[in-house]
There are 2 protein chains.
Amino acid sequence: MGKKRENITIYDVAREAGVSMATVSRVVNGNPNVKPATRKKVLDVIRSLGYRPNAVARGLASKRTTTVGVVIPDISNMFYAELTRGIEDIATMYHYNIILSNSDLKTEKEIQLIEALLEKQVDGLLFLGGEVTDSHREIFNHTSVPIVLAATREEHQEKPSVTIDQIQAAKEATSVLILEGHQQIAYIGGPLTDSVNGYPRYIGYKEALEENEIPFVESFIQLGDYRYKSGYEAMKNLLTSHSSMTAVFAASDEMAVGAIHAAQDLGRSVPEDLSIIGFEDIPLASQVRPLLSTVSVPMYDIGAVAMRLLTKYMNNEHVESGQVVLQYSLELRDSTRLKEWEEK
Amino acid sequence: MGKKRENITIYDVAREAGVSMATVSRVVNGNPNVKPATRKKVLDVIRSLGYRPNAVARGLASKRTTTVGVVIPDISNMFYAELTRGIEDIATMYHYNIILSNSDLKTEKEIQLIEALLEKQVDGLLFLGGEVTDSHREIFNHTSVPIVLAATREEHQEKPSVTIDQIQAAKEATSVLILEGHQQIAYIGGPLTDSVNGYPRYIGYKEALEENEIPFVESFIQLGDYRYKSGYEAMKNLLTSHSSMTAVFAASDEMAVGAIHAAQDLGRSVPEDLSIIGFEDIPLASQVRPLLSTVSVPMYDIGAVAMRLLTKYMNNEHVESGQVVLQYSLELRDSTRLKEWEEK
DNA sequence: CTGTTAGCGCTTTCAA
DNA sequence: TTGAAAGCGCTAACAG
């Protein structure tokens, strides 16, 4: 058994087995047009030589790398980690590998990463969570590599995407609070300039109020960065300036949990004094007390479906619809009082 | 501006710019041996043609792919997600891309993934969290691709690794409890067959007891799978059979938090009735009440250092020591009563 | 400073 | 069922 078998090529196998490279290539790729005896002979040589096919050479010759690029905001964010797991599982199932890169939602970095991925000749690209700007469209439109958006979409809807209806989800979350009888409902969200998550959730909140003729109060709006700490701070602000407030819709679970803790630190109990509902349903939501009521976003599925969709494009299969909208659900637990909710 | 610029090669650029392929290659790779005027001309053509270098062809010709393979147990596990972020950041810094694959700690799957990664001609490999068996060694020893282990190690210490001293860490965590005056200290851990995390943490617990002449009680040992739920169940068992118990060392934060909730559900308060300390210091530890005291493992750093180490091997740089042991620290928060701890 | 020329290891017609 | 041969797009000596 050779120590470092780095340089055993298809040629060596061919010579050793007394066949041509083409034949070796055929058995390696499972081409049926090989006489069983020949196949066995080749396989034996492959094993004894410890031959390992070079995927780079194969990629160059065949123009397929069985690799897909994934641009993700931040893998250490539970929401995206879960999504990535969905992607990876399906990728593995279809024998693709994924090249993962974190963008931190910086447009410039995103563009750069996409460019690098394209240079690496990925067979497909998954773009997650970021806003699709003109720069993105520019590059998307000048490549023939299939691209699927996940947990984001593009206004012109030219590119396939897998998402949920965020506005509707935020609206329902807020409606839960309204149905509980609250009139003073605050909103803790992300930047309104974030057109992917921040803005739609805000709009959903607003629409719910409007529909129920509850006055919108500017100072009930607190903006953070979706993280625990900013939720905590936001709630502290809210509570010191609006002691009459009785409910909060937070646009992320982390913020919601931060808000709960701030409330508790200021002597309020949840849900007795204050109802709080979150968004996402990351594991944290079920690992705190009170258990967080939240909008359950099918993170794993978004990733899995997006990857599956991408495989179809990569194989030139027929695609019913490139715009997939997945179902979310309302997970009413212990941070709100309402326990039942009929889907509209 | 071409629509699909898929087939513009270095040759096209060369022809258009009136130079040779070699020269184009030089400017693309930043080789200084090019007259500024020539460089500019080539750059202009590259831009106008929308030329994008083909990294696969480059990889085949140069035998370097600037890609590293990462085999990870589960990206949706916060601990590894954080680690991966460390890897990715350093990889980006050194212009490497990473191919990520989840192994779920299945040896067979790990081997298969490593094999696939090697086929893809990765320049280096990071193996995370899994046990290194003979099968692993077999394959590790027959390739010249540099490999670094992270959050795991190999008994013969033949392969470089980045870890923390788990036994010592577990021992100190247990000692905190002992120093608080507890005598009835339970242990909630992972499988003892898990030589990477489960067993060493268990040993650390045991050693701490021994050193302090506290009798080891078999039934104080509860084994789970590191997840919240198993911690919850373990604690319930413990509390119903050993009402005299006053402290618990849990081998993961999720289990520790699960344990806290079980205790609370059974009417005990933490840390008044029961002190609980965890292991890892994932974000969850600081997002629950009471704040979890825990062993803080530098997850991000383990990933970052491992990746940095790998770059050194890939560049044939001199490496001081391949066996890196990072410092952990004790983060004493509100689930224990002791608030100060002198490092031994 | 620039060009020529072999490959890198594999797939893929095209013939046989 | 098999083989020969032409690339895939780029890098890396080697000349000049």
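So that the names make sense, note that chain A is the first sequence line, chain B the second, and so on, each numbered from 1.
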**Report entry** Separation of C:dG9 P from B:L60 CG (nearest whole Å)
**Finding:** 7 Å
Requested in this report: Please state how far atom CZ in B:R15 lies from atom P in C:dG3, giving the value in whole angstrom units.
Outcome: 15 Å
Report task. Decide side chain to side chain donor-acceptor pair (under 3.5 Å) for A:T66 and B:K120; before the verdict, give the C-alpha distance in whole Å, the side-chain angles of both, and the deciding distance to 0.1 Å. Result -> CA-CA 10 Å; A:T66 60; B:K120 296 233 165 166; 3.1 Å; yes
**Report entry** Base-contact (B) and sugar-phosphate-only (S) positions in nucleotides 11-16 of chain C, heavy-atom cut-off under 4.0 Å, - elsewhere
**Finding:** BB----
Query - B:E119 CD to C:dC8 P, straight-line distance once rounded to whole Å - result: 20 Å
Query raised in the report: Should A:K41 and A:D44 count as an ion pair when the cut-off is N to O under 4.0 Å?
Result: no
Requested in this report: Report yes if at least one side-chain N or O of A:T9 is closer than 4.0 Å to OP1 or OP2 of C:dC8; otherwise report no.
Outcome: no
**Report entry** Short side-chain N/O contact to D:dT1 OP1/OP2 from A:N33, under 4.0 Å
**Finding:** yes
Query raised in the report: How many Å lie between CG on B:N54 and P on D:dG7, as a whole number?
Result: 18 Å
Requested in this report: State which residue, out of B:T92, B:I90, B:I302, fulfils the side chain to side chain contact (heavy atoms under 4.5 Å, CB included) condition with B:M307.
Outcome: B:I90
Report summary line: Here the salt bridge (Lys or Arg N to Asp or Glu O under 4.0 Å) pairs for residues 74-103 of chain A, sequence neighbours left out, are A:D74-B:R85, A:R85-A:D89, A:R85-B:D74, A:R85-B:D104
Query - d(CG, A:N31; P, D:dT1) in whole Å - result: 10 Å
Report task. Mark yes when over 12 heavy atoms from residues, nucleotides or ligands other than A:H156 sit less than 6.0 Å from its NE2; otherwise mark no. Result -> yes
Query raised in the report: Does a nitrogen or oxygen in the side chain of A:T23 sit under 4.0 Å from OP1 or OP2 of D:dG3?
Result: yes
**Report entry** Whether B:H142 side chain and B:I139 backbone form a donor-acceptor pair below 3.5 Å
**Finding:** no
Report task. Measure from CG on A:N7 to P on C:dC8 and round the result to the nearest Å. Result -> 11 Å
Query raised in the report: Given that A:P53 and B:P32 both sit by DNA chain C, which one's nearest nucleotide is further toward the 5' end?
Result: B:P32
Query raised in the report: Closest to the A:K63 side chain: C:dC1, C:dC8, D:dG9?
Result: D:dG9
Requested in this report: Rounded to the nearest angstrom, tell me the gap between atom CD1 in A:I8 and atom P in C:dC8.
Outcome: 15 Å
**Report entry** Distance, rounded to the nearest Å, where B:Y11 contributes OH and D:dT11 contributes C1'
**Finding:** 18 Å
Report task. Step through the shown structure and confirm whether more than 12 heavy atoms of other residues, nucleotides or ligands are within 6.0 Å of CD on A:E317. Result -> yes
